[in-house]
Amino acid sequence: MLEIGVIRENRDGVLAGLSKKNVSPDQLELIDKIILEDDKRKSTQTSLDNLLSKINKISDEIGSLFKSGKIDDANAMKQTVAALKEESRILESSLKDSKDVLEEMIIQLPNLPHSSVPVGKKAEDNEIFKAWDGPMPALVKGALPHWELAEKYNLISFKDGVTLTGSGFPVYKGKGARLQRALISFFLDEAVNAGYLEVQPPLMVNKESARATGQLPDKEGQMYHCEKDEFYLIPTAEVPLTNLYRDTILQKSDFPIKMTGYTPCFRREAGSYGSDVKGLNRLHQFDKVELVRIEHPDHSYDVLMEMVKHVEGLLQKLELPYRILRLCGGDMSFNSALTFDFETWSAAQERWLEVSSVSNFETFQSNRMKLRFRDDDGKTRLAHTLNGSALALARIVATLLENHQTSEGINIPAALRPYTGFDTI
RNA sequence: GGAAGAGUGGCAGAGCUGGUUGAUUGCACCGGUCUUGAAAACCGGCGUACCUGAGAGGGUACCGGGGGUUCGAAUCCCUCCUCUUCCGCCA
C-alpha cells in the first residue's frame, strides 16, 4: 500500500510511476480523489479532537461537582454533554467513513516502479538483464518433454493425482519423490550456508496475514480458502515468513533479517489453460524454498542484487541454462518496485520457463503490516521487504529432467548427487 | 469438545467497590553527576498512532480485538480471539 504522505508530497512523481506501470486512467484519477478525501479526513479529525477535548474537560468538572456535593449543578452539565456527545457521534462516523473510503482507494494502487524499471506493457518488453552466453543443451534425437520422461521412468503420476484430488496435484514416486526431497534439502542448505534462518511456518494463514503481504484483496480468487475457519492456504512462504514481523518496531541493529523456508504452495490458478498447464508447468500445489529479507531502506537494492546472485548460483550448480530478466512496468506484480525473473531454457519444450522471481517491495508491504524500525533520530520509519524463490521445484524438476536427458537416462548434476544418493535416473 | 481462571507499556507486576491513571513500582534501556575506566550510588529521561503548530508545544485515541452502558471505563456488560489448568478425545 502506498504511503499517503508520499502521495500528498509527491503527487506528480506518483502519477508518473503509476503510468509506467500502465495503470488505467481511472486509477490515475484516484490520486487527486485521495488527496481530497485525506484533506477531509484531517479536518474531521481536528473537529472531533477539539470536541472530545471539550467533553473530557466537562466530564472532569462534573466529577468534581459530584465530589463537592453540588448534585444539581452536575446534573445540569450532563445536559450540555449529551448534546456535544451527539455531535461527536456524527463526526466519529464521518471520520470512519473517510478512513474507509481512503483505504479502499489507496489499496487499489499498485506499488511505484523503481527508476531502473523499463517502460513496457507485456512480457516481450522485459529487459534481458543477463542473457545466457553458454552452450545450449544438445539434446539427443527423440528427446522427450518432462511429462513423457516422468511417465517413462515412473517418476511422477499426474493420473494418480487426478484420482486423489484433481488436475495440478501430481504424485511423485520413487526417484521422482527422492529428487523432490533432494532439491528441497539442497536449496535449504544453500540458503542456510548463506546466512538465512531456516523457518518452518504454518501452511494456512489468517485473513490479516493474507492482507498484510498484499494477497488480499488483490488475489482473493487465487487462494484456497477454508471458509469455516477463515484460513487461507498459503500461495507462497513469503506470506507467513514476512508476517512474522507484522506490527513490529525493529532496532537498526536487528538488520539484516534473513529468513528461508520450504513450504508447499497452493494456487487455484483460475483462468490458466493450454500448454501453460501441461505437466509440471503450472500446478495447484508445488514445493518451493523462499528467501525473505527485511532491510533498512538504504541497503535494500544492494540486498536485492545479493539475492539475485544467490539464485544465479543455484542455477549454475544445477547446470541449467538460464537468463535473467528485469521486468518492465506492465509485467511486474502489483506489489513490486523492482523484479528480476529467472528463466531456464526448456529445450524439449523449446521455451523459457520462469523458475524464480526476486523482488524488492520497498515499503509497500511494510506499510500495510506496520513493519517499522527506529532510525538514528529516534523516529520510526517503514522497513523494506524483499523476497525471492530459491527455488520453485516443479519447473526446476521439469527442466532438470529435460535438459539432462541422454539416450542412457537422466543425469543428476554433481551438486545434487549427495542429496539424491543416485547419479542417474 | 466441556469446565474454570487469565490477557495491562521491552519484560515483570499493581490498579479492576468507575472520576487529574497513559496508567504505582521494579528491571531493562538512554543521558548526566561521580570515577583513570567500569560497577555501585544519585539525578533526569524513557510507548505507539493521528490531528494541530514554523518551532517550543498543545490536543485526541489506545490497558488482547470489536461493540455496549455512563456526564465519565483499564475498571461494569456483551461478543470474538489467545493463553493457563482440569476433564474428554486423538496423530
Side-chain angles (χ1 to χ4, degrees), chain A residues 1-9 34-107 200-212 216 226-232 240 243-255 257 294 363 365-383:
Chain A
M1 191 161 74
L2 293 181
E3 297 167 68
I4 182 71
V6 171
I7 295 173
R8 292 187 72 99
E9 282 157 35
I34 286 168
I35 294 173
L36 223 59
E37 189 64 39
D38 194 48
D39 288 340
K40 190 175 152 197
R41 185 200 116 247
K42 281 174 182 238
S43 73
T44 309
Q45 179 85 58
T46 306
S47 312
L48 178 63
D49 283 356
N50 290 338
L51 193 58
L52 289 177
S53 174
K54 208 186 283 182
I55 292 174
N56 284 343
K57 277 205 189 81
I58 298 176
S59 294
D60 282 350
E61 286 173 34
I62 292 175
S64 328
L65 287 175
F66 270 120
K67 271 187 177 165
S68 54
K70 297 174 182 166
I71 311 292
D72 291 343
D73 291 354
N75 283 329
M77 285 184 94
K78 280 192 192 181
Q79 302 296 318
T80 324
V81 177
L84 295 177
K85 192 76 184 170
E86 192 51 41
E87 207 179 316
S88 81
R89 282 213 174 89
I90 293 166
L91 283 173
E92 247 166 48
S93 91
S94 158
L95 182 65
K96 189 180 181 304
D97 287 349
S98 270
K99 282 181 174 171
D100 289 349
V101 168
L102 262 178
E103 164 105 4
E104 200 198 316
M105 287 195 285
I106 296 175
I107 215 153
Q200 206 172 96
L203 306 181
M204 293 185 185
V205 294
N206 56 32
K207 212 168 194 163
E208 293 71 42
S209 294
R211 194 179 167 80
L216 288 179
C226 307
E227 287 186 14
K228 194 156 188 179
D229 296 293
E230 271 295 319
F231 291 153
Y232 292 85
N243 268 281
L244 247 18
Y245 287 86
R246 193 170 79 213
D247 203 12
T248 299
I249 300 176
L250 299 164
Q251 299 305 315
K252 267 181 89 174
S253 56
D254 293 330
F255 296 128
I257 290 171
I294 296 167
T363 60
Q365 292 182 325
S366 57
N367 187 34
R368 277 196 188 193
M369 68 172 76
K370 301 286 166 261
L371 198 187
R372 298 94 91 208
F373 68 97
R374 201 173 300 286
D375 214 346
D376 293 329
D377 56 5
K379 293 218 172 90
T380 58
R381 289 178 64 195
L382 295 171

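Residue numbering restarts at 1 for every chain, and letters A, B, ... go by the order of the sequence lines.
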How about [X]: does its [atom1] atom have over 12 heavy atoms from other parts shown lying under 6.0 Å from it?
| X | atom1 | value |
| --- | --- | --- |
| A/Glu208 | CD | yes |
| A/Glu92 | CD | yes |
| A/Lys54 | NZ | no |
| A/Lys379 | NZ | no |

Would you kindly give the [atom1]-to-[atom2] distance between [X] and [N], to the nearest whole Å?
| X | N | atom1 | atom2 | value |
| --- | --- | --- | --- | --- |
| A/Asp60 | B/G72 | CG | C1' | 8 Å |
| A/Asn206 | B/U82 | CG | C1' | 12 Å |
| A/Ile62 | B/U20 | CD1 | C1' | 15 Å |
| A/Phe373 | B/G10 | CZ | P | 19 Å |
| A/Phe66 | B/G18 | CZ | P | 14 Å |

Could you give the distance separating [M] and [N] at their [atom1] atoms, to the nearest angstrom?
| N | M | atom1 | result |
| --- | --- | --- | --- |
| B/U75 | B/A14 | C1' | 13 Å |
| B/U24 | B/U79 | P | 32 Å |
| B/C34 | B/A41 | C1' | 9 Å |
| B/A73 | B/G19 | P | 11 Å |
| B/G68 | B/G18 | C1' | 15 Å |
| B/G2 | B/C63 | P | 29 Å |
| B/G10 | B/U48 | C1' | 13 Å |
| B/G15 | B/A6 | P | 12 Å |

Checklist entry - Given pairs defined as Watson-Crick or G-U wobble with both distances under 3.5 Å, what dot-bracket annotation applies to RNA chain B, with ( ) intrastrand, [ ] crossing, | other strand and . unpaired? => result ((((((((.[[[..)...(.....]]].(((((.......))))).((((((....)))))).[[[[[..)....]]]]])))))))....

Checklist entry - Can any side-chain N or O of A/Ser366 pair as donor or acceptor with the backbone N or O of A/Ala383 at less than 3.5 Å? => result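 Checking the backbone N and O of A/Ala383 against the side chain of A/Ser366, a donor-acceptor pair under 3.5 Å is found.
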
Checklist entry - Under the 3.5 angstrom rule, does the side chain of A/Arg374 hit a backbone N or O of A/Ile249 as a donor-acceptor pair? => result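 Not a single qualifying donor-acceptor pair exists.
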
Checklist entry - What are the two closest non-hydrogen atoms of A/Met204 and A/Cys226, and how far apart are they? => result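 The pair with the smallest heavy-atom distance is CE-SG, 3.9 Å.
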
Under 3.5 Å, sequence neighbours excluded: what are the donor-acceptor pairs made by side chains of residues 43-50 of chain A?
{"from": "A/Ser43", "atom 1": "OG", "to": "A/Lys40", "atom 2": "O", "distance (Å)": "3.1"}
{"from": "A/Thr44", "atom 1": "OG1", "to": "A/Lys40", "atom 2": "O", "distance (Å)": "2.7"}
{"from": "A/Gln45", "atom 1": "NE2", "to": "A/Asp49", "atom 2": "OD1", "distance (Å)": "3.2"}
{"from": "A/Thr46", "atom 1": "OG1", "to": "A/Lys42", "atom 2": "O", "distance (Å)": "2.9"}
{"from": "A/Ser47", "atom 1": "OG", "to": "A/Ser43", "atom 2": "O", "distance (Å)": "2.9"}
{"from": "A/Asn50", "atom 1": "ND2", "to": "A/Thr46", "atom 2": "O", "distance (Å)": "3.3"}

Checklist entry - At what distance, to the nearest 0.5 angstrom, does CZ of A/Arg41 lie from CG of A/Asp38? => result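 A/Arg41 CZ to A/Asp38 CG: 4.5 Å, rounded to 0.5 Å.
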
Next on the checklist: Categorize A/Lys85 for me: base, sugar-phosphate, or nothing, with a 4.0 angstrom heavy-atom threshold over every strand shown.
Outcome noted: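 The answer is sugar-phosphate, as A/Lys85 gets under 4.0 Å only of primed atoms, P, OP1 or OP2.
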
Checklist outcome for this item: Reading nucleotides 44-64 of chain B from 5' to 3' and marking B where a protein heavy atom lies under 4.0 Å of the base, S where only the sugar-phosphate is that close, and - otherwise, the string is ----SSSSS------BSS---

